[in-house]
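Contents: one structure, followed by commentary.
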Amino acid sequence: MKIINHSAYQDQYQVFSERLGPSQEVYRVHLKCDDGGPQPIVLSWRVPIVGFSYCWQPTAETDFGFTADWEQAWHIRATQSVPLFDFFDEDGLSQRLIVLSDVVHDLDLVMGVHEETAEISFQLTIPNFGLPSDYRLDIFVSSEVQNFSAAIRQGVDWLDAVNGEKRLPTPAAAYEPVYSTWYAFHQNVSAAGIDAQLSAAKKLGLSTIITDDGWQTSDNHRKYAYTGDWEPNASKFPDIAKHVNQVHAQGFKYMMWYSVPYIGKHSHLWDRFKGRLLYYDSDQEAGVLDPRFPEVREYLCETFLKAYHQWHLDGFKLDFLETFRQLTPAVLPGMDIANVQVAVVALLEKLWAALNEGDDTPLIEFRQDYIGTVMQRYANMFRVKDCPNNALKNRLGILTMRLLCPDAAIHSDMLMWHQEEYPEQVALQLINCIFGVPQISVDLAKISKKQHDVLQFWLRYMRENRTLLMHGELTPYSPQHLYPVVNCSLENRQLIVQYADDQLLKISRDHDMIDVINGTLTKGVVLDIPQDYGRSMISIYDCSGMLVETKPLVTVNPISRLNVPPAGLLRIQRT
């Protein structure tokens, strides 16, 4: 692979390759970029399209097909995505993995099919927003043929090693299911409204309360014109410390939402910070604070620490970090850091160090897509980005982050549904989140008895099987078909979930207890069962956990169809 330098920095440009093994190579790029002014670094290379048909990358969502090399660039930085790309074939096998070592600075990457040569063309532009004068970039290339998910883990491990990253330990509380106020109340949230949910939430096994947007304002227009002062609205939360203590007394953890970058045009602090902005967002009616000013970083840290200690919080939901975007290389008087992404890392480093001075590890939630390896230093909960009532996007987001953030607790976006929704549909939302931590956001007093039974059953299943679900070996298949089958195994346990009709589900003879979940609305699953699996019993449950049938498993035919109800569960237990 030939790396071409199109930059103004030509005199002291070096690139050399180092072979790490029979199928792995690293290209090491070194530029001196202190003598060309604020010119970007521009590099390009190409990869022949041979043996692969798709590209997995962290923001692909539902489309893993190739783009053209004349389409828009991907924007990657500390607060947006990860520079990792896996090219895989129709069987889901990786043929070429490419990973870039810079997980902090802005990277603008145009990647797609070069029509004239049937190659994947990469054109990487690195804006010189305060880059180190001695800039180095490693490009890791692997041609090892393996399941795409194993290739992604390999890429993440390489990123951690080359950047000296240490993933944040995740406390057990981060894996506990959450009650979130957002979809249930939106900005009409109040202490009284939360208190009314606690009894039902406790009985369901929800263990953490996240109070979302609205606690700080009486404005309910879903924008941020009044954001930035971060004082509780007195009519909604007349004594927030007392409220938090009362929630704690019932056995819950308590987290608060903050929109980190925004300072609203109607906030009391607008005049103080209106000259310390990256830009003004007219849609949100708020400015985005510029963390390159030490005053901004100090104010934000003081704000969070004051709330954390005075209100006895257990952590924060820190939102909108992706809006920290640098538009120009300009450095103004009063700034002590030239690069916005470096300043964001400095802000998070300062905040995390201060929060960890106590005995308890704080719970910190970040949202997709600020999920990169550098972000994993500062958060232990990563949530799927907003996708209300969208089970598919929850499944895709959870699986993406399980591969990219192997040691963090991966949370669903909050689950919501209509009061008249069918129980099977409610169950499908939960089943699509089975490999993550569910966040529930409905008015628990208004759900039907059937919806309650579904919610209770699947939350209990997730709790009882948490070790398998959260820490088992996870293998999703066929991303180009949106992961129709996902397998997870740990010790003598196996779990298979089908998310599309009539998948052939392969049962392993190595496991004594096997659960098969029918994540569709069609009755039945098709199993490929080893004829020497041994004597065993099967139990079949419907979507609410009611036992439908139990009988010995007969393995006369290796391919067997079992009548598992829609959104139901089959358990095979070797006897």
Side-chain angles (χ1 to χ4, degrees), residues 92 146-154 156-157 160 167-177 205 207 376 380-382 394-395 397-412 430-438 457-479 483-499 503-519 525 527-530 532-541 545 553 564 568-575:
Q146 56 187 325
N147 182 277
F148 81 97
S149 61
I152 293 164
R153 293 189 187 100
Q154 181 184 67
V156 170
D157 288 343
D160 285 345
R167 297 173 189 152
L168 198 63
T170 301
Y175 292 102
E176 295 288 345
S207 298
Q376 293 172 49
N380 40 40
M381 299 162 58
F382 289 86
N394 251 329
R395 175 171 93 237
I398 286 170
L399 293 173
T400 292
M401 291 190 288
R402 281 291 303 269
L403 298 177
L404 291 174
C405 312
D407 293 338
I410 305 305
H411 284 236
S412 73
L430 291 153
I431 290 167
N432 275 274
C433 299
I434 200 83
F435 298 106
V437 180
F457 169 63
W458 286 107
L459 287 175
R460 184 175 69 245
Y461 180 88
M462 294 179 191
R463 182 173 63 252
E464 291 173 351
N465 296 279
R466 182 175 298 158
T467 302
L468 170 65
L469 292 168
M470 298 297 104
H471 305 294
E473 183 179 347
L474 185 70
T475 308
Y477 296 95
S478 301
Y483 308 113
V485 176
V486 182
N487 184 84
C488 188
S489 60
L490 183 68
E491 298 173 348
N492 69 335
R493 298 285 312 277
Q494 181 184 14
L495 169 65
I496 308 173
V497 186
Q498 74 160 20
Y499 293 109
Q503 302 297 305
L504 183 60
L505 309 178
K506 294 186 177 182
I507 300 302
S508 168
R509 63 171 53 86
D510 300 328
H511 302 101
D512 296 330
M513 181 186 290
I514 299 170
D515 287 351
V516 179
I517 295 175
N518 180 11
V525 297
L527 305 183
D528 182 357
I529 307 171
D532 60 350
Y533 181 76
R535 183 180 299 174
S536 56
M537 294 292 294
I538 64 170
S539 302
I540 298 175
Y541 302 86
L553 175 65
V564 180
L569 168 69
L570 163 69
R571 173 160 288 177
I572 303 173
Q573 177 70 66
R574 186 179 274 148
T575 57

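Quick caveat: nothing in here was measured; it's all calculated off a predicted structure. FYI, side chains are in, hydrogens and waters are out, and symmetry mates aren't considered; it's all heavy atoms of this structure.
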First locate atom [atom1] of [X], then atom [atom2] of [Y], and finally report the distance between them rounded to the nearest 0.5 Å.
X    : Y    : atom1 : atom2 : result
I538 : I540 : CD1   : CD1   : 4.5 Å
S539 : L553 : OG    : CG    : 11.0 Å
C433 : L469 : SG    : CG    : 12.0 Å
M513 : Q494 : CE    : CD    : 12.5 Å
L527 : Q503 : CG    : CD    : 12.5 Å

Q. Please walk me through it: do Y175 and H471 pass ring pair (Phe, Tyr, Trp, His ring centres under 6.0 Å)?
A. CA-CA 11 Å; Y175 292 102; H471 305 294; 5.0 Å; yes

Q) For the side chain to side chain contact (heavy atoms under 4.5 Å, CB included) test, which of V564, I431, V516, L505 pairs with Q498? A) L505

**Q.** Result of checking V486, I517, L570, I507 against I496 for side chain to side chain contact (heavy atoms under 4.5 Å, CB included)
**A.**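 It is I507, the one option of V486, I517, L570, I507 that forms the side chain to side chain contact (heavy atoms under 4.5 Å, CB included) with I496.
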
Q: Check step by step if side chain to side chain contact (heavy atoms under 4.5 Å, CB included) holds for Y477 and N147.
A: CA-CA 8 Å; Y477 296 95; N147 182 277; 4.1 Å; yes

(Q) Before you tell me yes or no, could you show the steps for E176 and R466 under salt bridge (Lys or Arg N to Asp or Glu O under 4.0 Å), namely the whole-Å CA-CA distance, both residues' side-chain angles and the distance that decides it to 0.1 Å? (A) CA-CA 9 Å; E176 295 288 345; R466 182 175 298 158; 3.0 Å; yes

Can you confirm whether [X] sits close enough to [Y] that some side-chain heavy atom of one is under 4.5 Å from a side-chain heavy atom of the other?
X    : Y    : value
C488 : E473 : no
P476 : F148 : yes
V437 : F382 : no
L495 : N465 : no
I410 : F435 : no
V485 : Y483 : no
R509 : D532 : yes
D407 : N380 : no

For a quick test of reading the model, state the closest non-hydrogen atom pair linking [X] to [Y] and the distance between them.
X    : Y    : result
V156 : P406 : CG1-CD, 4.3 Å
T170 : A409 : CG2-N, 3.9 Å
L403 : S149 : CD2-CB, 3.7 Å
P169 : P171 : O-CD, 3.6 Å
T467 : L490 : CG2-CD2, 3.6 Å
M470 : R402 : O-NH2, 3.2 Å

Q.
Could you work out, with side-chain hydrogen bond (donor to acceptor under 3.5 Å, both in side chains) as the rule, every residue matching D515, not counting sequence neighbours?
A.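 side-chain hydrogen bond (donor to acceptor under 3.5 Å, both in side chains) list for D515, sorted by chain: Y461, R493, R571.
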
**Q.** Set of salt bridge (charged side-chain N to carboxylate O under 4.0 Å, His left out) partners for D528, sequence neighbours left out
**A.** none

Q.
D512: which residues meet the salt bridge (charged side-chain N to carboxylate O under 4.0 Å, His left out) condition with it, sequence neighbours left out?
A.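 In terms of salt bridge (charged side-chain N to carboxylate O under 4.0 Å, His left out), with neighbours along the sequence ignored, D512 is linked to R574.
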
Q | Residues I398, N432; criterion side chain to side chain contact (heavy atoms under 4.5 Å, CB included); working and verdict | A | CA-CA 9 Å; I398 286 170; N432 275 274; over 6 Å; no

